[in-house]
Amino acid sequence: MSEKLRVGILGGTGMVGQRFISLLENHPWFDVTTIAASARSADRTYAEAVGDRWKLATPMPEAVKDLIVMNVNEVEEVASKVDFVFSAVDMTKDEIKKIEEDYAKTETPVVSNNSAHRWTPDVPMVVPEINPDHMKVIEFQRKRLGTTRGFVAVKPNCSIQSYAPVLTAWKEFEPYEVVATTYQAISGAGKTFKDWPEMEGNIIPYIGGEEEKSEKEPLRIWGEIRDGVIVPAASPVITCQCIRVPVLNGHTAAVFVKLRKKADKEELIDRLVSFKGAPQELGLPSAPSRFIQYLEEDNRPQVSLDVDYEKGMGISVGRLREDSVYDWKFVGLSHNTVRGAAGGAVLCAELLKAQGYITKK
């Protein structure tokens with residue numbers, strides 16, 4: 001019998017589900033054995049259920065083509081076949097909350113890409129390099145759910161990945177006010193140019209719900225566990241605009257920041273390139289060897305050159321310079337469907353396994 005953990009993908013036919021399947025091909029710890037989706041996809045092979053809707057540039061892995069898709073709503077049956085699940089279901093927020101907790105109550109850990117549980121007080125929302133200690137809140141969540149093994153853990157929104165790690169690396173200099181504008185790829189909406197042709201040569205200055213997430217979620221990541229819940233940090237104050245741009249993959253952020261403590265450019269860059277966390281210390285399979293790279297060229301980072309840094313799991317930063325109104329400004333870039341979505345969730349699952357929260361059933 002394989003020593004790998006048996007993994008289920010809930011919502012496996014959508015773009016994020018496809019990215020999960022692609023990233024988990026030949027994973028050293030995890031083996032995709034079950035794919036679940038809506039009733040209309042159930043009882044067909046994965047290849048048949050997806051049809052011509054495979055959205056990635058890389059081909060569909062052979063190992064999943066003949067898997068029979070299960071009905072995601074048949075919770076007990078799906079849960080019986082896996083050690084844990086990744087969730088990328090396309091439902092209403094209330095439906096997602098319920099079905100993820102239903103899976104948890106079958107003693108099946110759920111690692112979710114969805115936003116539904118990001119503000120559930122006892123659900124950890126984790127960037128593994130930043131707040132791995134937040135996984136400790138799981139013990140309180142299990143008491144609420146009445147489980148011994150099952151729980152829900154989530155990763156944060158893709159929009160914050162290009163600047164929250166930078167601000168974390170500069171924590172000693174006490175950032176207290178941040179202005180960020182994110183330029184977000186169409187794959188963040190689950191789209192390609194084939195199915196969203198009106199985005200070619202276009203910009204849309206609105207992405208529903210994105211600005212609130214971009215302003216508030218970093219504060220929860222920087223928060224602390226108190227009385228069995230995550231209490232968000234009070235600062236820095238972040239204000240954000242989120243803009244959809246004609247790029248397939250890669251969210252770019254232009255950021256202005258005020259610091260309470262003075263720092264020079266060399267110090268700030270040093271903190272970026274030397275920044276590491278639990279994934280690097282534990283040698284997790286999906287961890288970038290260097291989380292943040294700094295690019296000296298005036299015209300970097302660029303999506304076409306830098307989005308796949310560290311296989312999409314690293315952050316690229318450039319154009320750090322002093323500002324006449326704020327103290328400093330910079331440009332950050334992250335891969336929104338790898339680090340920002342499925343890859344970030346896979347890294348969370350690796351951390352949970354390393355911490356002993358995910359085990360074989």
Side-chain angles (χ1 to χ4, degrees), residues 125-132 155-184 211 213-223 233 235-242 250-280 287-298 300-303 306-307 309-310 312-323 325-336 338-340 343-344 347:
M125 179 175 72
V126 171
V127 175
E129 284 89 351
I130 297 176
N131 60 328
K155 51 144 289 299
N157 200 49
C158 54
S159 64
I160 74 169
Q161 308 286 339
S162 53
Y163 59 90
V166 175
L167 299 173
T168 306
W170 293 344
K171 185 178 180 180
E172 68 184 277
F173 304 114
E174 299 181 15
Y176 68 95
E177 191 173 304
V178 177
V179 176
T181 301
T182 59
Y183 303 88
Q184 298 186 204
E211 288 165 2
K213 295 173 186 174
S214 302
E215 293 169 355
K216 302 300 183 187
E217 288 189 12
L219 298 174
R220 190 166 194 262
I221 291 168
W222 294 322
S235 67
V237 175
I238 302 172
T239 183
C240 192
Q241 293 194 99
C242 297
H251 287 357
T252 299
V255 183
F256 299 78
V257 58
K258 289 183 178 179
L259 305 174
R260 293 196 191 281
K261 295 185 177 178
K262 290 214 174 292
D264 61 35
K265 184 175 179 178
E266 289 70 27
E267 287 179 302
L268 293 173
I269 292 173
D270 174 72
R271 299 310 187 272
L272 296 179
V273 299
S274 63
F275 183 67
K276 62 182 180 180
Q280 289 72 37
S289 57
R290 173 175 283 176
F291 184 27
I292 304 172
Q293 68 167 343
Y294 185 79
L295 300 161
E296 297 282 355
E297 299 93 330
D298 288 339
R300 303 280 286 278
Q302 292 182 31
V303 168
D306 304 310
V307 75
Y309 168 64
E310 290 277 11
M313 290 296 289
I315 310 300
S316 298
V317 178
R319 300 212 68 211
L320 175 64
R321 58 223 191 273
E322 291 189 74
D323 184 63
V325 177
Y326 281 67
D327 293 323
W328 296 91
K329 52 191 172 185
F330 67 90
V331 175
L333 170 66
S334 61
H335 197 305
N336 56 294
V338 182
R339 168 57 77 160
L347 192 61

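Note that the CG atom of L167 and the CZ atom of F173 stand 12.5 Å from one another [nearest 0.5 Å]. Distance check, rounded to the nearest 0.5 Å: SG of C242 to CG of N157 gives 8.0 Å. The distance from atom OH of Y294 to atom CG of L272, rounded to the nearest 0.5 Å, is 8.5 Å. Taking CD of E177 as the start and CG of L259 as the end, the distance is 11.0 Å to the nearest 0.5 Å. Between atom CD of residue E322 and atom CG of residue D327 there is a gap of 8.0 Å, rounded to the nearest 0.5 Å. Annotation: the span from Q184 atom CD to S334 atom OG amounts to 9.0 Å, rounded to 0.5 Å.
A donor-acceptor contact shorter than 3.5 Å links the side chain of R321 to the backbone of R319. In terms of modelled atom types and a separation under 3.5 Å, the side chain of K213 and the main chain of S159 share no donor-acceptor contact.
Scanning for salt bridge (Lys or Arg N to Asp or Glu O under 4.0 Å) contacts around E297 gives R300, with sequence neighbours left out.
Minimum heavy-atom separation, G277 to Q280: N-OE1, 2.9 Å. The nearest pair of heavy atoms linking C158 to H251 is SG-NE2, 3.3 Å. Closest approach of Y309 to S316, counting heavy atoms only: CB-OG, 3.8 Å. The heavy-atom pair separating L320 from W328 by the smallest distance is CD1-CE3, 3.9 Å. Scanning both residues, P156 and V126, for their nearest heavy atoms gives CD-O, 3.4 Å. Between C240 and S214 the shortest heavy-atom distance is SG-CB, 3.6 Å.
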message: If you apply the rule side-chain contact (heavy atoms from CB on, under 4.5 Å), what do you find for L333 with I315, and how did you get there?
response: CA-CA 6 Å; L333 170 66; I315 310 300; over 6 Å; no

- prompt: Is there a side-chain contact (heavy atoms from CB on, under 4.5 Å) between F256 and V178 once you walk through the steps?
  reply: CA-CA 6 Å; F256 299 78; V178 177; over 6 Å; no

Steps toward side-chain contact (heavy atoms from CB on, under 4.5 Å) verdict (T252, V331): CA-CA 7 Å; T252 299; V331 175; 3.7 Å; yes

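You'll find the side chain of V237 stays beyond 4.5 Å of the side chain of Y176, heavy atoms only. Residues L295 and Q293 are in side-chain contact: their nearest non-hydrogen atoms beyond the backbone lie under 4.5 Å apart.
Applying the side-chain hydrogen bond (donor to acceptor under 3.5 Å, both in side chains) test to residues at least two apart or on different chains, the pairs with a partner in residues 257-266 are E174-K261. Here side-chain hydrogen bond (donor to acceptor under 3.5 Å, both in side chains) pairs that include residues 161-172, with residues two or more places apart or in two chains, are T168-W222, E172-R271.
Of the residues I238, I221, T182, the one that meets the side-chain contact (heavy atoms from CB on, under 4.5 Å) test with I160 is I221.
Sparse packing is recorded around NZ of K216, with 12 or fewer heavy atoms of other residues, nucleotides or ligands lying under 6.0 Å away. Heavy-atom neighbours of Q241 CD from other residues, nucleotides or ligands within 6.0 Å: at or below the threshold of 12.
In this model, a donor atom of one side chain and an acceptor atom of the other lie less than 3.5 Å apart for S289 and E310.
One finds a salt bridge joining R339 and E129 here, because a Lys/Arg side-chain nitrogen approaches an Asp/Glu carboxylate oxygen to under 4.0 Å.
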